Amino acid sequence: MSEQTPSAPEQKKIILSGIQPTGIFTLGNYLGAVKNWGQMQQDYQCYYFIADLHSLTVHIEASKRRAQTLQAFTQLLACGLDPEKSLIFVQSHVRTHAEAGWILACCSQFGELSRMTQFKDKSSKHPDNINAGLFTYPSLMAGDILLYQADYVPVGADQTQHLEFTRDIATRFNHTYGETFKLPEGYFPKAGARVMSLQEPTSKMSKSDTNPNATISILDEPGVIVKKFKRAVTDSETEVAFREGKDGINNLMTIYSAITGKTFEAITSEFAGHGYGDFKAAVGECVAEELRPVREKFDELSKDRPYLESLMKQGAEQAERISLRTLSKMRKRVGLYLPK
Ligand code: TRP
């Protein structure tokens with residue numbers, strides 16, 4: 001497991017994560033995940049990819065999926081991931097993923113896959129499309145992670161069960177066939193903010209929310225961002241303080257703190273005697289400033305598709321090289337015949 005990858009000469013620990021190409025990222029995706037991914041690039045060898053094979057478990061038009069994949073890749077770069085430092089690629093461009101996913105599906109039990117909360121949720125929400133991919137989704141995800149011998153996997157709460165599953169499968173495989181995989185651990189950055197809907201602050205901010213005022217897109221214009229924060233739902237009190245029952249204010253404080261680095265106490269004293277109007281304006285402005293360079297970079301990158309595609313190609317080649325080492329081991333271990 002001490003093999004060196006060409007881009008990790010000093011043996012940094014490996015971080016790996018994926019994100020599905022399902023549209024423009026929200027402020028929640030940004031503050032909760034992608035911004036932190038950028039900050040990890042110094043200290044870790046990072047592998048980040050667009051999980052387009054996972055996205056196939058939900059049916060959308062082919063042209064839409066294609067557009068969203070390019071868009072997601074562009075967004076990762078716009079949010080600060082640097083292809084010089086990190087390996088950034090599209091999952092389906094690297095054939096080892098599907099193959100590893102199949103081998104691991106054959107080590108996954110019907111019972112354990114049936115107990116996955118995401119499978120139960122998604123199949124009850126889409127009873128008309130309970131496809132086999134939705135069921136074996138965790139096996140494919142286990143392959144994504146294990147192929148790269150990842151040390152840490154930053155995931156949200158909704159994916160921790162899949163990470164546990166990955167460790168179970170890896171342990172079982174190592175036990176049955178001999179030591180092959182490193183056991184990955186979850187990575188939970190201190191700064192990872194859980195951003196809630198601006199209109200219904202008890203539920204998570206979601207790309208698919210039908211109320212446009214509930215969600216901030218990372219590509220929203222500054223004026224739009226400020227306006228949405230002005231309309232954010234709060235409560236009937238006046239004090240900017242983080243307390244139970246003040247879900248709207250708690251959410252705004254979380255966002256403000258994630259961007260400015262200020263503690264909740266500091267924010268409370270900053271806005272003592274000001275009321276919510278000033279606070280909402282300040283949060284709106286700081287978010288608008290934070291996202292301005294992201295939007296500008298996105299617009300600039302979007303004009304240069306050949307550049308984006310050349311990065312995709314480079315990323316895929318390198319990812320294939322790295323993941324093939326593990327895949328070859330897997331093939332050998334399970335007894336796939338290898339002609340001389
Ligand atoms: N399932 C993850 C999600 O929807 C995306 C994903 C796919 C992933 N493969 C992964 C995340 C491997 C971390 C590691 O959020």
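None of the values given here were measured: they were computed from a predicted structure. Just follow the structure's listing: the first ligand is 1, and inside any ligand the first atom is 1.
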For ligand 1, does [X] get within less than 4.0 Å through its side chain, its backbone, both, or neither, judged by non-hydrogen atoms?
X	result
Ile145	side chain
Val153	side chain
Gln159	side chain

Fill in: Test log, rule side chain to side chain donor-acceptor pair (under 3.5 Å), inputs Asn131 and Asn129
CA-CA 5 Å; Asn131 58 76; Asn129 184 23; 3.1 Å; yes
> Would you call the rings of Phe181 and Phe173 parallel, tilted or perpendicular, where under 30° means parallel and over 60° means perpendicular?
Replying inline: tilted
Name the orientation class of the two ring planes belonging to Tyr44 and Tyr187 (parallel below 30°, tilted from 30 to 60°, perpendicular beyond 60°).
->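 The rings of Tyr44 and Tyr187 stand perpendicular, inter-plane angle above 60°.
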Is it true that atom NZ of Lys13 has more than 12 heavy atoms of other residues, nucleotides or ligands lying nearer than 6.0 Å? no
Among all protein heavy atoms, pick out the one at the shortest distance from [atom]; state its residue, atom name and that distance to 0.1 Å.
atom	result
atom 1 (N) of ligand 1	Tyr137 OH, 2.6 Å
atom 13 (C) of ligand 1	Gly18 N, 3.5 Å
atom 9 (N) of ligand 1	Asp144 OD2, 2.7 Å

Show every ring-ring contact (aromatic ring centres under 6.0 Å, His included) that has at least one partner inside residues 280-314, sequence neighbours left out.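 Non-adjacent pairs meeting ring-ring contact (aromatic ring centres under 6.0 Å, His included): zero.
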Per-atom contacts, ligand 1 versus [X] - under 4.0 Å to a heavy atom:
X	answer
Ala51	7 (C)
Gln20	4 (O)
Phe49	9 (N), 10 (C), 12 (C)
His54	7 (C), 9 (N)

Q. Do Arg292 and Glu289 sit within salt-bridge range, that is, some charged N less than 4.0 Å from a carboxylate O?
A. yes
Item to complete: Compute the ring centroids of His93 and Phe49, then answer whether they are less than 6.0 Å apart.
Response: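 Centroid separation for His93 and Phe49: 6.0 Å or greater.
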